[in-house]
Amino acid sequence: MELLQHVLLFLHLLGWAIVLGGTIVTMRDTRLPRGALHGILTALVTGILMVGLASASDELRDPNTTKVAVKLVVALVVTGLVVYGARRPEKVTKGLLGAVLGLTVLNVGIAVLWR
Ligand code: HEM
């Protein structure tokens, strides 16, 4: 169970790292990076699976519900922005990319600093 949780955390970190790194690289061209949609969906799905697994297991520490709920809302906003930008590339602005980047950084901060 613990191994599965670690594998999910590994994929979780890769998922949002793709969004974060990609957006920094494409900011100047004002376009979404390739893989941003896959990256954020990976972070979202693995995050939800980790919460489910931890809640269902006796061995794993229960997740902090408030922290996870805040992260979920932030991640859903990022997902909405990325889906919108992927469907309408001509509507992608520096503001949209900045919001994707800023909210992803915010979620890293929440994940690491909220104890
Ligand atoms: C942009 C979206 C997200 C980012 C940037 C992000 C960032 C992170 C980071 C940096 C960690 C490692 C922290 C640590 O292990 O101390 C982490 C772990 C974790 N994340 Fe996320 N996350 C995101 C979305 C989500 C979502 C949507 C959920 C669930 C609804 C979630 C649930 C978790 C869980 C359960 C862990 C395991 C460690 C813990 O209990 O805090 N994450 N996330």
Side-chain angles (χ1 to χ4, degrees):
M1 205 67 115
E2 207 175 334
L3 176 66
L4 178 58
Q5 187 80 348
H6 288 151
V7 171
L8 288 173
L9 182 59
F10 172 75
L11 295 173
H12 188 67
L13 301 184
L14 287 184
W16 65 255
I18 289 169
V19 181
L20 185 70
T23 316
I24 291 171
V25 171
T26 59
M27 183 66 84
R28 215 179 259 256
D29 309 333
T30 323
R31 65 177 176 82
L32 272 177
R34 265 174 211 277
L37 189 58
H38 288 105
I40 193 60
L41 289 177
T42 302
L44 194 65
V45 171
T46 51
I48 292 168
L49 287 176
M50 280 191 290
V51 174
L53 198 63
S55 310
S57 148
D58 292 336
E59 316 155 26
L60 299 168
R61 190 171 42 89
D62 275 348
N64 176 336
T65 322
T66 320
K67 170 179 162 177
V68 157
V70 174
K71 279 183 73 182
L72 179 60
V73 170
V74 174
L76 284 174
V77 176
V78 175
T79 308
L81 291 171
V82 171
V83 169
Y84 174 77
R87 286 195 177 174
R88 313 276 300 267
E90 73 284 359
K91 297 271 188 185
V92 173
T93 59
K94 286 209 163 40
L96 183 142
L97 294 171
V100 169
L101 193 59
L103 291 172
T104 305
V105 171
L106 175 68
N107 249 6
V108 175
I110 293 171
V112 177
L113 301 175
W114 186 328
R115 292 290 152 190

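Because only heavy atoms are used, hydrogens play no part in the values below, and waters and symmetry mates are left out as well, while side chains stay in. Just follow the structure's listing: the first ligand is 1, and inside any ligand the first atom is 1.
- For K91, there are no side-chain hydrogen bond (donor to acceptor under 3.5 Å, both in side chains) partners at least two apart in sequence or on another chain.
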Let me have the donor-acceptor pairs involving side chains of residues 32-49, under 3.5 Å, with sequence neighbours excluded, atom names and distances please.
residue	atom	partner	partner atom	Å
T42	OG1	H38	O	2.6
T46	OG1	H12	ND1	3.1
T46	OG1	T42	O	2.6
T46	OG1	A43	O	3.3

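- When the side chains of ILVMFWY residues are joined at heavy-atom separations under 4.5 Å, either directly or via intervening members, L76 and V51 end up in two distinct hydrophobic clusters.
- Taking Ile, Leu, Val, Met, Phe, Trp and Tyr as hydrophobic and joining them when side-chain heavy atoms fall under 4.5 Å apart, one finds V25 isolated, its cluster having no other members.
- With R115 contributing its side chain and V112 its backbone, the two residues share a donor-acceptor pair below 3.5 Å.
- Every protein residue with a heavy atom nearer than 4.0 Å to ligand 1 is included here: L9, H12, L13, W16, I40, L44, G47, I48, M50, V51, K67, V68, K71, L72, A75, T104, N107, V108, A111, R115.
- Side-chain atoms of T23 do not come within 3.5 Å of backbone N or O of L97 as any donor-acceptor pair.
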